[in-house]
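Everything below concerns the one structure shown next.
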Amino acid sequence: MNRTDKTEMHYWRNIFTRAAIIIVTVALIVWFLPREQGQRFRYDVNKPWTYGSVIAKFDFPVYKTDELIKHEQDSLIELFQPYYVYDNAVEKKMVERFLEDFKDGLPGLPASFKGIVYQQLHDLYQSGIMNTPEYNAMAKDTTKQIRIVIGKEAQSVPVHSVFSTLSAYEQLFQDDRLASQRQILQKCNLTEYIEPNLILDKERSETDRNDLLSSIPQASGMVQAGQKIVDRGEIVDEYTSRVLDSFEREMKRRSATQSELTTTAIGQVIFVTIMMLLFTLYLALFRHDYFDKPRSIMMLYSLITIFPILVSIMVQHNFFSIYILPFAMVPMFVRVFMDSRTAFLSHVIMVLICAAAVKYQYEFIIVQLVSGLVAIYSLRDLSRRAQVFKTAILVMLASAVIFFALQLMQDNVVLNIDTDMYIYFIINGIFLLLAYPLMYLIERTFGFTSNVTLFELSNTNKGLLRDLSEIAPGTFQHAITVGNLAAEIANRIEANSLLVRTGALYHDIGKMANPVFFTENQAGVNPHDNMPYTESARIVISHVTDGMKMAEKAGLPAIIKNFILTHHGRGMTKYFYIKQQNEHPDETIDREPFTYPGPNPFTREQAILMMADAVEAASRSLNEYTEENIYNLVNRIIDSQVSEGYFRECPITFRDIAQAKLVLIDRLKSIYHTRVSYPKLKKEEPTPEPVVDDGETT
């Protein structure tokens, strides 16, 4: 397969991949978008109608409000009479037990008292005895009635004409004869012979109750086709509001046919597809490098998809207000991990798609666009937790102010503000604070590294960096110096200084495995003196692979591990290679055992680190730190790296390299305090006073 065929295949593969992403995204969003149709008006009771004239297109009923229906239901419930079945077996059972228990008469009382109690119990059961809690619940209303079912007949009686088990016991002592002997009768536990004989017929009562409630009409009038409902400028009163709600409700009911739902879905597919095509086209034209990073593309399309789905679910199930959703999270995340322009366009596309599901699109789009812009402007560089808090406050305030401005334009009345919306904005700001913990989840899921993480990783008092300072202090100092040099170069050429500084701190951690084999950690004894050159080269080169193992174990981000791999690129341990070559001049020495595994740098930051690392290490071997020596050293090392092709795979320019040289020369001169040489007198003169170096001469 020739090069042209490969290029064409790569082109079509990219087209297919992007098309597949669009199709999947559109399918997910449209699947959740609501299909209901109908008039969508925003109005307030006792305020003017701001739209044009509304004419009924068809006959429809004026539905009652839920509050009115509930009031009518409560009124009917008060008149409802539950059914109670009269159970003769209860009286027979209780009276027979009484007679059996006191067959010899009531203790301490004449024999006639047994007959008196018997007659009283009979009268109570004939009147009817209910369960006490049920009786108390109904007895509060003195007009309440119940229906007592005896056989096939049901008779309505006032609830106060029957007894509860408690009031039946008290009724026993309404007889003067029994009342005079109450203390003695209480010892007989007469309550044991009082049981309810009016049993609630739950099924029949529930059926009758439901029939009663269903008799309430849902509508209270009709609107004829062609009838004017409301006109511009008219005050929307309670009745007009009910008519408008009924009109919208009927519109939704009539539009719920299969053909109309299909038409709605087709429109949604077209709309969402256009939005996603525009977004994908932007990436292809201006950010095509993102397509080489699958995780970046996955994050972008996932964020754009998640919020329309959440909005659709909330709209369909009436879960609170959609304004509590922190839409500004999308531009915040994209701004932190990518760039501002992509963040803004991602937010615009997401908001427009969400608008297809919301009821009041105009104000929603305006409020969310403003909040997104504020989030992008206020979060230029996330390095502290307080910045997320500040962004949340600013987004909340901006949303409230822009909504207040919209209300002033529409209502012209300051006092009639919708306070609920401002509560939603406060909740939105609180939810926006979740961006900080969610950022860690996004980093782990999509392989990004935020500035907050870089700051945490650059803490030298914990983890691998603390171990490096204790095990290999020379290497630790070298790493700090290289980090400072690299960061200054990055600032000069507008690269990521925080990233390159953090990468520099970790680039030599592999030296902790064998610290004494590296000159910066040696104290007079060099173990390489008695070792074969190939073995020395292997140990020196192994600090890259050992460093990767340590980084993997510590869970360092891939972007930091790449600095460990690339800081020597595919360079050689030339010292040992040349020594080997000199001792075996007649042999062809294999270069591979003396070559680092690589790869060569593929980002500007990695190239900066390679230059700073090589120059800083080589500067320690200078015999004299003069300006000329430093100048020659920097140029020789970096020119050698360029000529050997170490920077061919990274987007660093010759101008960047020239700027890097200047920074390194200036910084090394400052580090090693280079000074001008004092001139000598050409003729003999009286011996001058000794010149004192004040340490400030350059």
Side-chain angles (χ1 to χ4, degrees), residues 61-99 114-179 182 185 189-221:
V62 180
Y63 295 103
K64 298 176 182 177
T65 62
D66 293 339
E67 292 78 9
L68 181 57
I69 293 176
K70 181 68 167 57
H71 176 72
E72 293 181 1
Q73 287 177 343
D74 292 341
S75 299
L76 283 178
I77 291 299
E78 292 178 359
L79 302 176
F80 171 66
Q81 300 177 6
Y83 288 88
Y84 281 83
V85 177
Y86 187 89
D87 189 351
N88 291 314
V90 175
E91 178 184 357
K92 181 180 179 181
K93 176 183 176 182
M94 291 296 103
V95 171
E96 288 179 353
R97 197 168 82 182
F98 170 76
L99 295 175
K114 176 179 176 182
I116 296 172
V117 174
Y118 167 81
Q119 185 61 42
Q120 286 292 322
L121 288 174
H122 173 72
D123 292 342
L124 289 172
Y125 280 114
Q126 288 299 307
S127 297
I129 301 175
M130 294 176 56
N131 183 282
T132 297
E134 294 177 3
Y135 178 86
N136 291 339
M138 289 185 289
K140 296 176 183 178
D141 184 358
T142 57
T143 63
K144 187 69 175 179
Q145 292 189 330
I146 61 173
R147 293 182 182 180
I148 298 179
V149 180
I150 302 176
K152 294 183 179 181
E153 295 183 0
Q155 180 182 2
S156 296
V157 299
V159 71
H160 285 287
S161 66
V162 299
F163 300 96
S164 68
T165 52
L166 183 61
S167 64
Y169 178 76
E170 294 298 328
Q171 184 64 26
L172 283 173
F173 298 102
Q174 294 300 315
D175 187 296
D176 294 336
R177 294 167 295 178
L178 298 181
R182 182 163 185 157
L185 288 171
N189 295 325
L190 296 180
T191 54
E192 295 182 1
Y193 309 102
I194 300 175
E195 291 287 339
N197 66 335
L198 295 179
I199 311 302
L200 176 65
D201 189 341
K202 292 184 180 179
E203 183 177 354
R204 188 171 181 179
S205 297
E206 190 67 26
T207 301
D208 190 64
R209 182 177 182 275
N210 291 337
D211 291 342
L212 186 64
L213 293 178
S214 63
S215 66
I216 299 175
Q218 300 294 306
S220 60

task = Just grab all the ring pair (Phe, Tyr, Trp, His ring centres under 6.0 Å) pairs involving residues 116-144, residues at least two apart or on different chains.
result = none
query = Which residues satisfy the salt bridge (Lys or Arg N to Asp or Glu O under 4.0 Å) test with K93, sequence neighbours excluded?
reply = none
query = Are any non-hydrogen side-chain atoms of S205 and Y84 less than 4.5 angstrom apart?
reply = no
key: Non-neighbouring partners of R209 that pass salt bridge (Lys or Arg N to Asp or Glu O under 4.0 Å), sequence neighbours left out   = none
message = To check you understand the geometry: which heavy-atom pair defines the closest contact between A168 and I129, and what is its length?
response = CB-CD1, 4.1 Å
Contacts of E206 that satisfy side-chain hydrogen bond (donor to acceptor under 3.5 Å, both in side chains) - sequence neighbours left out = none
note = Contacts of R204 meeting side chain to side chain contact (heavy atoms under 4.5 Å, CB included) (sequence neighbours excluded), chain-then-number -> Y83, V149, D201
request  = Taking salt bridge (Lys or Arg N to Asp or Glu O under 4.0 Å) as the test, write out the residues that go with D74, two or more places apart.
outcome  = K70
ask   = Closest approach of L200 and P82, non-hydrogen atoms and distance?
value = CD1-CB, 4.1 Å
ask   = Any sub-3.5 Å donor-acceptor pair from N197's side-chain atoms to Y86's backbone N or O?
value = no
task = Give every residue pair that meets the side chain to side chain donor-acceptor pair (under 3.5 Å) criterion with at least one member in residues 151-169, sequence neighbours excluded.
result = Q81-S156, T132-T165, S164-S167
key: Contacts of type side-chain hydrogen bond (donor to acceptor under 3.5 Å, both in side chains), residue N88, not counting sequence neighbours   = none
key: Residue pair V162 / V157: nearest heavy atoms and the distance that separates them   = CG1-CG2, 4.5 Å
inquiry  = Looking at every non-hydrogen atom in both residues, tell me the closest pair between Q218 and I69 and how far apart they are.
reply    = OE1-CD1, 3.3 Å
query = Can you check whether D211's main-chain N or O pairs, donor with acceptor, with S214's side chain at less than 3.5 Å?
reply = yes
key: Q126 and E91: CA distance, side-chain angles, deciding distance, side chain to side chain donor-acceptor pair (under 3.5 Å) verdict   = CA-CA 8 Å; Q126 288 299 307; E91 178 184 357; 3.0 Å; yes
ask   = To the nearest 0.5 Å, how far apart are CD1 in I148 and CD1 in I199?
value = 11.5 Å
query = What heavy-atom pair brings D175 and I116 nearest, and what distance separates the two atoms?
reply = OD2-CG2, 4.3 Å
ask   = Any side-chain heavy atom of L172 sitting closer than 4.5 Å to one from I194?
value = yes
task = Begin from the C-alpha positions of E192 and R97 and carry the test side-chain contact (heavy atoms from CB on, under 4.5 Å) through to its verdict.
result = CA-CA 10 Å; E192 295 182 1; R97 197 168 82 182; 3.9 Å; yes
Atom pair CG (L198) and CZ (R147), whose distance is rounded to the nearest 0.5 Å = 15.5 Å
inquiry  = Among residues at least two apart in sequence or on other chains, which ones pass salt bridge (Lys or Arg N to Asp or Glu O under 4.0 Å) with E203?
reply    = none
message = Once side chain to side chain contact (heavy atoms under 4.5 Å, CB included) is applied, do any residues pair with K114, and if so which ones, sequence neighbours excluded?
response = F98, L99, K103
key: salt bridge (charged side-chain N to carboxylate O under 4.0 Å, His left out) pairs, two or more places apart, involving residues 77-90   = none
key: Pairing residues for Q119 by the side-chain hydrogen bond (donor to acceptor under 3.5 Å, both in side chains) criterion, not counting sequence neighbours   = D123
task = Find out whether V95 and Y193 are in side-chain contact, i.e. whether some heavy atom of one side chain is under 4.5 Å from a heavy atom of the other.
result = no
request  = Side-chain contact test, heavy atoms from C-beta onward, threshold under 4.5 Å: evaluate it for M94 versus L121 and give yes or no.
outcome  = no
